[in-house]
Amino acid sequence: MPELPEVETIARSLQRHLQGAVITGVAVFDKLRDCPACTDLTAFCAGRKILNVSRRAKYIRVRFDNDTGLILHLGMTGAFSITPDDNQPQRHERVAWTLLDGRRWRFFDIRKFGRVLLCQDNPELDNHPVLHALGPEPFSPALTPAYLQKRLAGRRSPLKPVLLEQDLLVGVGNIYDCEALFAAGLDPRMPACDVTSAQWKCLLKEIRAILTKAIEAGGTHISDFRDVDGSEGKFVQQLQVYGHAGDPCPRCGTPIERLTQGGRSTFFCPKCQCCQIKRR
DNA sequence: ATATTCCCCTGGAAGC
DNA sequence: TGCTTCCAGGGGAATA
């Protein structure tokens, strides 16, 4: 479900709603990946005050008052809600934290690809194994055309699936990958090592612009994305190619095509994005 | 080392 | 109506 803008939107909401809250209990209804058993998670969380909530890549970090914390991942279908506690588990509710002020913080996840990880100390919230190998954030100054060209030297893999690799750069998922390549006019099938410095410059600009716009819109609402308060992202209305197979390209009118790369759908305009394949 | 595939799991939409 | 097939935003492991 969530790419960077969705996770950012949710992390900001959690920060707003949970900062200062004290956890009194935890219920685990259906274990997510790596989620400890209910008794262990309860022992870990009970009595803890939440200092802050932040985002790194597509992970959400919840920092407690005793230098421990949680790392949460939404997988494909994760979502949260925070409401007065009626003590009634809802459909697809996997984990629930009860708060001292009478609220209940729920973690839903239909497909159960989400994760709940424990961090035993403060450094682990920044250096947990799942965070260790991650590439730079999309808005980091460290993310430059030179860095990308160096990392991808010799990589003949198609550009589009490469952009999904979180150890190269983080936060770009399938939707914004397609949208950014369209905006930059680059062929999703071109070898990653053939992207020129000028093309990287353009693509980086488009990735940042699209992520910025999507964050401002509160994310992209596709099927089951919801913010903590239940509101839907509005960016879906701005999607140019994703999910638009057969529709006319907004730029040239050629029908948008869909193809499969690395088992995922790619949407692109075969005319606007077809000029970069080098013959070797 | 790099590249492709397969799997985790559930549900909605489309096709017959 | 009911059954089958395909598809889905992520990520990691297994396989060539």
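Naming convention: chains lettered A, B, ... in sequence-line order (proteins, then strands); numbering from 1 in each chain. No experiment lies behind these values; they were computed from the predicted model shown.
- Pair assignment for B/dC9: none, as no Watson-Crick or G-U wobble contacts are both less than 3.5 Å.
- The phosphate of C/dC7 (OP1 or OP2) has no side-chain N or O of A/R264 nearer than 4.0 angstrom.
- Using a 4.0 Å cut-off, no side-chain N or O of A/H92 falls inside it from OP1 or OP2 of B/dC9.
- Rounding to the nearest 0.5 Å places CG of A/D34 at 11.5 Å from NE2 of A/H73.
- The aromatic rings of A/Y242 and A/F267 lie perpendicular to each other, with more than 60° between the two planes, well past the 30° mark.
- Residue A/G173 is classed as a sugar-phosphate contact, given heavy-atom separations below 4.0 Å to backbone atoms only.
- Within 4.0 Å of A/F108, counting heavy atoms only, lies no atom of the nucleic acid at all.
- Listed pair A/S157 / B/dA3 meets the phosphate criterion, a side-chain N or O lying under 4.0 Å from OP1 or OP2.
- Taking only side-chain atoms of A/I110, from C-beta outward, the nucleotide of C/dG12, C/dG10, B/dG11 with the closest atom is B/dG11.
- A/R111 has its CZ atom 13 Å from the P atom of C/dG11, to the nearest Å.
- A stacked arrangement is assigned to A/F113 and the six-membered base ring of B/dC8, with a centre-to-centre distance below 5.5 Å and an interplanar angle below 30°.
- Stacking of A/R251 on the aromatic ring of A/F182 is recorded, both the 6.0 Å distance cut-off and the 45° axial limit being met.
- Taken to the nearest 0.5 Å, the NZ atom of A/K160 stands 3.0 Å off from the OG1 atom of A/T266.
- A donor-acceptor pair shorter than 3.5 Å cannot be found between the side chains of A/R111 and A/T77.
- Closest to the side chain of A/N174, from the set C/dG10, C/dG12, B/dT4, is C/dG10.
- Applying the 3.5 Å distance criterion, the base of B/dA3 shares no donor-acceptor pair with the side chain of A/R155.
- Within the nucleic acid shown, A/R115 comes within 4.0 Å of sugar-phosphate atoms alone, with no base atom in reach, counting heavy atoms only.
- If you take atom P in C/dG12 and the same atom in B/dG11, they sit 24 Å apart, rounded to whole Å.
- You'll find that the side chain of A/R258 is closest to C/dC7, out of C/dC7, C/dG10, B/dG11.
- Look at A/K112 and you won't find any side-chain N or O under 4.0 angstrom from OP1 or OP2 of B/dC8.
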